[in-house]
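Only one structure is covered here, and it is reproduced in the block below.
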Amino acid sequence: MSASKTEIGRRSVLGGLAASAKLLGAPAARAQAGGELIVANWGGAYGGFAENSFEKPILEKAGIRVVHDYQDAPERMTKVVAESRLPRGRIGVVHTADFMTAQLREQNTLADVTAAEVPNLKDVLPSLISPGFVPWLYTPLMILYNPKFVSDPPKTFADLWNSKWEGKIGLMDHIFHHHLQMAGLVAGSSMTDEAKAKPALLELKKAVKPRLYPGQDTMATALKNEEVWITTGYKGRALLWADAGASLAYIYPGEGAIASSLGASLTRRAPNREAAIAYLNAMTDPEGQAKMAQASFYSPSNSKTPLPPALKARIALSEDEEKRLQVPDPTFMGKNYAAWTQWWSREYKG
């Protein structure tokens with residue numbers, strides 16, 4: 001995923017609608033014979049995972065030509081909203097996070113799919129599925145730390161509020177919603193307890209003065225350069241960074257790790273619906289998901305995915321960890337994300 005912010009609120013989407021509509025102009029032509037499908041994606045490493053795990057080995061062999069529209073989420077989501085206002089769109093599938101799908105659904109831009117249309121959906125973990133969202137991968141947000149400097153690491157999210165970590169904690173700006181969810185768990189035992197989460201997060205700022213980094217790439221550099229010793233981040237990314245030589249370990253927090261799932265949705269104006277449905281089924285194909293897991297260290301959404309024992313031991317959660325995994329409500333996030341964005345920018349960063 002790109003280092004820049006990868007989410008957008010309803011207000012931001014609508015704000016960019018007019019400009020995007022002008023760029024889009026007249027309705028796009030029908031998909032070419034042979035099965036052309038335009039897919040909006042983040043690009044970068046994430047786009048490479050998709051290409052190599054299922055787009056090339058499954059879809060190309062089926063005669064579907066995937067055309068990529070790589071953009072960060074704000075631009076991508078704005079374009080999908082703009083196309084929904086036209087008689088015919090261009091984008092058939094849009095990659096999203098679960099709560100981003102909830103935001104797009106509120107604006108009537110997506111079409112629902114069923115297990116009858118996407119057979120692999122029946123084997124996808126039910127806890128990851130939400131209306132209009134087909135999950136591809138997921139990973140828990142945990143506590144990451146440098147064992148070279150941290151001999152007694154935080155065991156819970158609450159331990160991060162200790163002033164002894166002043167100047168040594170880094171937070172990623174683009175996943176600010178996870179910081180609010182974390183603060184809700186610490187202060188109110190609920191990821192949706194905004195009344196307690198916001199003051200608690202301001203207390204964290206006062207106590208440890210965390211450094212802010214735009215996204216994954218800048219955080220990886222900060223950890224490598226030893227600017228920060230502790231952060232909250234995705235287990236999948238931590239394993240990638242560790243394999244690349246970073247001195248990094250992780251702790252499953254006592255409050256429970258926070259699940260983050262990524263996947264894709266079918267747009268309401270998809271010009272080649274059959275190809276789009278085939279894409280979603282290929283995305284949840286067990287063999288393709290096995291390739292994705294090996295490349296990314298993210299957990300597959302399909303419960304039937306065959307993983308080598310060594311890889312499964314690294315990325316899988318224990319039975320107890322699975323039980324304590326905190327799965328956010330995407331509908332709640334979709335409705336409140338714009339307000340959270342405003343609070344984060346004005347009150348926390350301001």
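A quick note: this is a predicted structure, and the numbers were derived from the prediction, not measured.
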Over all heavy atoms of both residues, which pair between L37 and N272 is shortest? Give the atoms and the distance, please.
-> CD1-O, 4.2 Å
I230 side, atom CD1; L144 side, atom CG - distance, nearest 0.5 Å = 10.0 Å
May I have the step-by-step check of side chain to side chain contact (heavy atoms under 4.5 Å, CB included) for F332 and E194, ending in yes or no?
-> CA-CA 11 Å; F332 174 85; E194 296 182 70; 3.7 Å; yes
Mark yes or no for whether R76, through its side chain, and V94, through its backbone, hold a donor-acceptor pair below 3.5 Å.
-> no
List the atom of W229, the atom of E226, and the distance in Å for their closest heavy-atom pair.
-> NE1-O, 3.9 Å
Short question: side chain of T156, backbone of G254 - any donor-acceptor pair under 3.5 Å?
-> no
Give a yes or no on whether the backbone of G132 and the side-chain of S265 come within a donor-acceptor separation of less than 3.5 Å.
-> yes
Shortest non-hydrogen contact from A97 to W42?
-> N-CH2, 3.9 Å
Is I258 linked to M333 within one hydrophobic cluster, defined over Ile, Leu, Val, Met, Phe, Trp and Tyr using a side-chain heavy-atom separation of less than 4.5 Å?
-> yes
Backbone of N120 reached by a side-chain donor or acceptor of D285 within 3.5 Å = no
Is the distance between the ring centroids of F157 and H178 under 6.0 Å?
-> no
Under 3.5 Å, side chain of Q107 to main-chain N/O of Q103, donor-acceptor pair present?
-> yes
Step by step, work out the side chain to side chain contact (heavy atoms under 4.5 Å, CB included) result for I169 and V228.
-> CA-CA 6 Å; I169 291 179; V228 297; over 6 Å; no
Side chain T267, main chain I91, donor-acceptor under 3.5 Å | yes
Does the side chain of V208 reach to within under 4.5 Å of the side chain of N162, using non-hydrogen atoms?
-> no
Mind checking whether F133 and M77 sit in one hydrophobic cluster, side chains of I, L, V, M, F, W, Y counted as touching below 4.5 Å?
-> no
Residue pair T305 / M292, side-chain heavy-atom distance below 4.5 Å | no
Sub-3.5 Å donor-acceptor pair from the side chain of Y250 to the main-chain atoms of M142, do we have one?
-> no
Residues at least two apart in sequence or cross-chain that pass side-chain contact (heavy atoms from CB on, under 4.5 Å) with R273, listed by chain then number, are A111, E117, L266, I277
How long is the gap from CD on E36 to CD1 on I64, to the nearest 0.5 Å?
-> 11.5 Å
Heavy atoms, side chains only, cut-off 4.5 Å: are I315 and L239 in contact?
-> yes
Centroid-to-centroid, F54 to Y279, below 6.0 Å?
-> yes
Closest heavy-atom pair, Y348 versus L201, reported as atoms and distance to 0.1 Å, is CE1-O, 3.5 Å
Applying the ring pair (Phe, Tyr, Trp, His ring centres under 6.0 Å) test to W344, which of H177, H179, H174 qualifies?
-> H179
If you take all heavy atoms of L307 and A293, which pair is closest and at what distance?
-> CD2-CB, 3.8 Å
Between CD of Q326 and CG of L141, what distance do you get to the nearest 0.5 Å?
-> 11.5 Å
Quickly, which of D98, L125, V124, L262 forms a side-chain contact (heavy atoms from CB on, under 4.5 Å) with P135? Name it, please.
-> V124
Under 3.5 Å, side chain of Q289 to main-chain N/O of M283, donor-acceptor pair present?
-> yes
Separation between NZ of K168 and CD of E227, rounded to the nearest 0.5 Å = 10.0 Å
Is the number of heavy atoms from other residues, nucleotides or ligands within 6.0 Å of NZ (K312) greater than 12?
-> no
Y46, F49, Y298 screened by ring pair (Phe, Tyr, Trp, His ring centres under 6.0 Å) with W136, the one that passes = Y46
Smallest separation among heavy atoms of P330 and A102, with atom names = O-CB, 3.3 Å
Test log, rule side chain to side chain contact (heavy atoms under 4.5 Å, CB included), inputs Y252 and K235 = CA-CA 9 Å; Y252 190 98; K235 182 181 180 181; over 6 Å; no
Does the side chain of T284 reach to within under 4.5 Å of the side chain of D123, using non-hydrogen atoms?
-> no
Take atom CD in E274; do more than 12 heavy atoms of anything else shown fall under 6.0 Å from it?
-> no
Y70 reachable from M100 in the ILVMFWY side-chain graph, under 4.5 Å edges | no
Cationic N near anionic O, under 4.0 Å, E319 to K323 = yes
Of all residues at least two apart in sequence or in a different chain, which pass the side chain to side chain donor-acceptor pair (under 3.5 Å) check with K205?
-> none
R269 (side chain) donor-acceptor with L86 (main chain) under 3.5 angstrom = yes
Between L185 and M191, is any pair of side-chain heavy atoms under 4.5 Å apart?
-> yes
Any Q294 side-chain heavy atom under 4.5 Å of L311 side chain = yes
Beyond-backbone contact of S130 with T331, side-chain heavy atoms, under 4.5 angstrom = no
Have a look at F176 and tell me which of W340, W343, Y337 forms a ring pair (Phe, Tyr, Trp, His ring centres under 6.0 Å) with it.
-> Y337
When rounded to the nearest 0.5 angstrom, what distance separates OG1 in T96 from CG in N41?
-> 10.5 Å
Side-chain contact test, heavy atoms from C-beta onward, threshold under 4.5 Å: evaluate it for K198 versus E347 and give yes or no.
-> no
Listed once per pair and sorted, the salt bridge (charged side-chain N to carboxylate O under 4.0 Å, His left out) pairs that draw on residues 243-263, sequence neighbours left out | D243-R314
Give the intermediate values and the outcome of side chain to side chain contact (heavy atoms under 4.5 Å, CB included) for residues V39 and H95.
-> CA-CA 8 Å; V39 176; H95 280 253; 3.6 Å; yes
To the nearest 0.5 Å, atom CG of N302 lies from atom CG of L137 at 12.5 Å
Mind checking whether W165 and Y145 have ring centres under 6.0 Å apart?
-> no
